[in-house]
Amino acid sequence: MSASLWFLSVVLVLSGPDGDDSPGRRTNNQFEVEETLVTLIDEIDVAAEEAGLVTEISVREGAEVKSGEKLAQINDSKAQAAKKVAKAEHDVALAEATNNISVRYAEAAAKVAEYDYRAHFEANKKARAAVPDVELKKLLLTWHKGELETEKAQLEFDVAGLTAKVKEASVEAAEDDIKRRQVFSRIDGMVMDVYKHPNEWVNPGDRLLRLVRMEKVKVEGRLTISDVYPTQVKGRPVTVESRIGNRTERFQGKIVFVAPELGPGGKYRVIAEVENREDRGAWLLLKGMRPSMTVDAGVAADTAKTKNR
């Protein structure tokens, strides 16, 4: 064999039958993701916000719950009593804040005092010394006192309005104390674990339940940079295959994260979000599974764009 033919044979062996020097590439720009692992996107520990005795757990393991659905109840008898007191105090303050009788009475009294003074003053002008100066000064003082009483009544009326607002805030605080003892779901998901039961005591932060969302899961894995570059896989579609019993199920998703660092062997981590589905009431992709996953890197499309520039 001539030297030129030997060199050409070596090139074909290294690059593959299509002249492709990426050993990880499959047909149609598909690349195998290694070291795959299914994990969960949403996994939430539902904790108690207030201390107290658990009076109700509304769900069991495996239950499907909706966001806003009530899951548990902590004793709120003291909070309910506090709300009643706060509501009564607010009602009293509101009645005082909406009743300005004292202001109107003070205004009327001041007008009477003013009229009394002016009448005596005019009488004294017509008949000198008809009313002693001391008496006129007393009448004038009574008039000014009535004006001050009006200002005082107005101030008390304004304070009553502010007090009503304070009492209203107390009612809202009591309602919040009650709500904090009601435990609601914050996601649409499945109950995985129930940690507490009725008649058990809990403190703030104690776990009550664990919820997970299974409609969409994460599949993590690694790609080799010599096979495909990170910029070619971010946002690209993936296909996940898992052996379920005696059949293979296929799922679709896309790469949502590419780690900006390399590990041993020039590998970098990627994460795909994949649509899960149920079969006879059971989810097919489960946390901890290691399915196969390929990513469509779109290398051919990228190359075509580069050539057209």
Side-chain angles (χ1 to χ4, degrees), residues 6-44 189-190 192 212-309:
W6 176 84
F7 178 76
L8 179 59
S9 299
V10 171
V11 170
L12 289 173
V13 169
L14 291 178
S15 62
D18 298 321
D20 182 3
D21 60 356
S22 299
R25 174 173 293 188
R26 292 183 171 184
T27 58
N28 300 324
N29 304 309
Q30 301 295 311
F31 290 84
E32 183 77 24
V33 181
E34 303 175 35
E35 303 173 34
T36 57
L37 178 67
V38 177
T39 60
L40 301 177
I41 298 174
D42 290 319
E43 186 173 10
I44 299 174
M190 175 189 291
M192 287 291 288
V212 298
R213 189 162 68 92
M214 298 299 297
E215 289 85 355
K216 184 179 289 187
V217 297
K218 290 191 298 185
V219 180
E220 302 184 22
R222 296 184 185 277
L223 289 167
T224 304
I225 196 168
S226 61
D227 294 341
V228 59
Y229 206 71
T231 55
Q232 295 173 312
V233 299
K234 180 67 179 293
R236 298 298 300 172
V238 299
T239 299
V240 173
E241 292 184 351
S242 181
R243 189 71 179 171
I244 310 295
N246 59 357
R247 69 187 191 278
T248 298
E249 294 287 345
R250 181 173 292 183
F251 309 85
Q252 303 300 321
K254 71 175 182 178
I255 299 292
V256 296
F257 173 76
V258 179
E261 58 184 2
L262 290 179
K267 295 180 180 181
Y268 56 93
R269 187 166 64 101
V270 296
I271 297 177
E273 289 190 358
V274 178
E275 297 292 337
N276 200 359
R277 62 179 179 271
E278 288 182 284
D279 180 21
R280 289 174 288 182
W283 292 101
L284 295 179
L285 284 178
L286 305 178
K287 179 181 178 181
M289 279 184 169
R290 292 188 175 276
S292 65
M293 180 167 74
T294 56
V295 55
D296 181 352
V299 176
D302 291 344
T303 304
K305 289 179 182 178
T306 303
K307 290 182 178 179
N308 293 331
R309 287 178 181 174

Subject >> Side-chain (Thr239) to main-chain (Thr294) donor-acceptor, under 3.5 angstrom >> reply: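 No: the side chain of Thr239 does not pair with the backbone of Thr294.
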Original post:
Looking only at atom types and distance, does a side-chain atom of Asn276 sit under 3.5 Å from a main-chain N or O of Met214, one as donor and one as acceptor?
Top reply: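 Such a contact is found between Asn276 side chain and Met214 backbone.
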**OP:** Could you walk me through whether Ser242 and Leu284 pass the side chain to side chain contact (heavy atoms under 4.5 Å, CB included) test, one step at a time?
**Re:** CA-CA 9 Å; Ser242 181; Leu284 295 179; over 6 Å; no
Original post:
For Phe251, is the NZ or CZ atom of Arg277 found under 6.0 angstrom from the centre of its six-membered ring and inside 45 degrees of the ring axis?
Top reply: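 Yes, cation above the ring, under 6.0 Å and within 45°.
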Subject >> Arg250, CZ: over 12 other non-hydrogen atoms inside 6.0 angstrom >> reply: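 Incorrect, the count does not exceed 12.
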Original post:
Within a reach of under 6.0 Å around OH of Tyr268, are more than 12 heavy atoms found that belong to other residues, nucleotides or ligands?
Top reply: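 It does: Tyr268 OH has more than 12 such atoms within range.
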How about [X] and [Y]: do any of their side-chain heavy atoms sit closer than 4.5 Å?
{"X": "Phe257", "Y": "Glu273", "answer": "no"}
{"X": "Ser292", "Y": "Glu32", "answer": "yes"}
{"X": "Arg290", "Y": "Leu37", "answer": "yes"}
{"X": "Leu40", "Y": "Val217", "answer": "yes"}
{"X": "Lys218", "Y": "Val256", "answer": "no"}

**OP:** In sequence, state the C-alpha distance, the side-chain angles, and the governing distance for Ile225 and Lys267, and then conclude on side chain to side chain contact (heavy atoms under 4.5 Å, CB included).
**Re:** CA-CA 6 Å; Ile225 196 168; Lys267 295 180 180 181; over 6 Å; no
Original post:
Distance from Arg213 atom CZ to Ile41 atom CD1, nearest 0.5 Å?
Top reply: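 Between Arg213 CZ and Ile41 CD1, I get 5.5 Å after rounding to 0.5 Å.
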**OP:** Could you tell me the separation between the CD atom of Glu275 and the CD atom of Glu215, rounded to the nearest 0.5 Å?
**Re:**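 Reported value, rounded in 0.5 Å steps: 9.0 Å.
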Original post:
Val270 and side chain to side chain contact (heavy atoms under 4.5 Å, CB included): which partner among Val258, Val295, Val219, Val238?
Top reply: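 With Val270 as partner, Val258, Val295, Val219, Val238 yield a single side chain to side chain contact (heavy atoms under 4.5 Å, CB included), made by Val258.
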